[in-house]
Amino acid sequence: MYTITPLRSTQYPNMSSAETQGYGLSARGDAAGVSFPQIQTSPNVDPITREIGESWRFGKPNGNFVLFLEPDSYLYSVNSNGHAVGAMNTHNSTTQNPIIAYNGAIDDLTPYVGNGAVASHINDRGQIVGWGWNRPESFVYDESSQLVDWISPLPGKSRSVATAINNAGQVVGRSDQNGFLYQAGVLKDLGPTSFVTSINDFGIACGSIGKAFPSNFVAAICDTSQDSPEWTPISPPSDFDGSHAEGMNNLGDVV
């Protein structure tokens with residue numbers, strides 16, 4: 001049996017919030033996401049919805065994160081040290097800033113990886129991956145050394161988009177219509193896929209592959225250690241039209 005805990009926005013308790021969304025979960029129970037408070041600027045004008053990155057610990061708001069009404073922000077991932085990553089100034093994709101938030105501070109990664117970028121995931125070692133709108137390579141940024149490693153597109157492809165990194169330093173993402181694995185300077189083609197969303201510490205990745213209508217997409221996993229890796233679909237229940245895999249733990253559980 002599972003316990004469902006709502007993630008409520010309380011950074012601005014005097015404002016109504018249309019909704020919250022969770023994007024990342026750490027091993028110790030921290031969650032990262034975004035809330036959408038509605039601001040009434042005038043009695044005769046419709047409320048303005050803002051986007052504010054938030055973090056929760058065991059479902060309760062985490063006071064270590066101080067992201068404000070302006071600029072708009074998102075948090076996509078949080079590690080077991082309570083460090084979360086995402087982007088701010090998200091109202092304009094090509095000028096947004098990749099960020100890391102921790103202990104009440106916000107570090108802008110723009111000087112290291114450029115603007116128009118997003119930090120999409122952080123592991124427990126403080127290694128951060130992300131990608132940008134303004135260049136074809138995605139990046140790996142080391143929080144402790146402030147060094148950046150760039151991930152080129154697969155041969156013959158135009159872009160790389162890094163989406164997740166495990167505690168072994170293995171990075172997964174997409175390069176055009178193919179998934180990739182990147183580790184220690186070596187880039188590996190994981191074959192055609194629609195989405196690559198997560199990789200566990202044993203090198204098993206998950207994502208989604210395209211299927212014919214009405215399925216559209218079906219969740220799938222990939223053992224990246226294989227010489228010729230392939231995506232294995234996870235058949236959804238019979239009353240589902242399709243499915244996506246968003247995360248995978250070290251036990252092999254997929255959501």
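- At least one donor-acceptor pair under 3.5 Å links the side chain of S194 to the backbone N or O of G210.
- Rounding to the nearest 0.5 angstrom, the gap separating the CG atom in D72 from the CE atom in M88 is 11.5 Å.
- V196 and G179 make their closest contact through CG2-CA, 3.9 Å (heavy atoms, listed as atom of the first residue, atom of the second, distance).
- W133 is linked by a ring-ring contact (aromatic ring centres under 6.0 Å, His included) to W131, counting only residues two or more places apart in sequence or in another chain.
- No side-chain donor-acceptor contact under 3.5 Å links S73 to the backbone of T90.
- Qualifying side-chain hydrogen bond (donor to acceptor under 3.5 Å, both in side chains) partners for R135, counting only residues two or more places apart in sequence or in other chains: E137.
- Taking L147 as the reference, S145 meet the side-chain contact (heavy atoms from CB on, under 4.5 Å) condition, with sequence neighbours excluded.
- Annotation for V254: hydrophobic cluster partners, listed by chain and number, are I204, I221, I234, M248 (ILVMFWY side-chain heavy atoms under 4.5 Å, direct or chained).
- Here the straight-line distance linking atom CZ of F202 with atom OG of S225 works out to 12.0 Å at 0.5 Å rounding.
- Enclosure of atom CG in D239 by more than 12 non-hydrogen atoms of other residues, nucleotides or ligands within 6.0 angstrom is indicated.
- Heavy-atom minimum distance, S120 versus G130: OG-CA, 3.6 Å.
- Remark: Y112 pairs with Y141 by the ring-ring contact (aromatic ring centres under 6.0 Å, His included) rule, at least two apart or across chains.
- Residue I151 is found in a hydrophobic cluster whose other members, listed by chain and number, are V129, V140, L154, I165, V171, F180, Y182, L187; membership requires side-chain heavy atoms under 4.5 Å apart, directly or through intermediates.
- Using a 4.5 Å heavy-atom threshold, the side chains of N89 and N115 count as separate.
- Among residues two or more places apart in sequence or in another chain, the side-chain hydrogen bond (donor to acceptor under 3.5 Å, both in side chains) test is passed with S228 by none.
- Between V172 and A205, the shortest heavy-atom distance links the atoms CG1-CB, 4.2 Å.
- Heavy-atom minimum distance, I209 versus P192: CG2-O, 4.4 Å.
- Taken from OG in S93 to CG in N134, the straight-line distance is 9.5 Å, to the nearest 0.5 Å.
- Looking at residues two or more places apart in sequence or on another chain, you find a ring-ring contact (aromatic ring centres under 6.0 Å, His included) between Y76 and Y23, Y74.
- A donor-acceptor pair under 3.5 Å links the side-chain atoms of N79 to the main chain of N81, judged by distance alone.
- Between the CG atom in D124 and the CG atom in N166 there is a gap of 10.5 Å [rounded to 0.5 Å].
- Side-chain atoms of L109 and I100, non-hydrogen and from C-beta on, do get closer than 4.5 Å to each other.
- The heavy-atom pair separating P136 from P153 by the smallest distance is O-CG, 3.9 Å.
- K188 is not listed as a side-chain neighbour of T224, based on a closest heavy-atom distance of 4.5 Å or more.
- Distance alone, capped at 3.5 Å, is enough to place a donor-acceptor pair between the D201 side chain and the N167 backbone.
- The backbone N or O of S208 lies less than 3.5 Å from a partner atom in the side chain of T193, making a donor-acceptor pair.
- Taking each heavy atom of P98 and G114 in turn, the nearest pair found is CD-O, 3.8 Å.
- How far CG of L75 is from CD of Q21: 13.0 Å, rounded to the nearest 0.5 Å.
- In terms of the side-chain contact (heavy atoms from CB on, under 4.5 Å) criterion, residue partners of D253 (sequence neighbours excluded) are, by chain and number, N249, L251.
- For S198, there are no side-chain hydrogen bond (donor to acceptor under 3.5 Å, both in side chains) partners, not counting sequence neighbours.
- S158 is linked by a side-chain hydrogen bond (donor to acceptor under 3.5 Å, both in side chains) to D176, counting only residues two or more places apart in sequence or in another chain.
- If you take OG on S26 and CG on N123, they are separated by 12.5 Å, rounding to the nearest 0.5 Å.
- Note on ring orientation: taking the six-membered ring where Trp is involved, the planes of F195 and H244 are perpendicular (angle over 60°, cut-offs 30° and 60°).
- Counting heavy atoms from C-beta outward, V218 and S243 have side chains that approach closer than 4.5 Å.
- T163 places none of its side-chain heavy atoms less than 4.5 Å from the side chain of R174.
- A distance-only check finds no donor-acceptor pair linking the side chain of S77 to the backbone of V85 [under 3.5 Å].
- Hydrophobic cluster membership differs between F217 and V255, with clusters built from Ile, Leu, Val, Met, Phe, Trp and Tyr side chains linked at under 4.5 angstrom.
- Sorted by first then second residue, the salt bridge (charged side-chain N to carboxylate O under 4.0 Å, His left out) pairs that include residues 143-160, not counting sequence neighbours, number zero.
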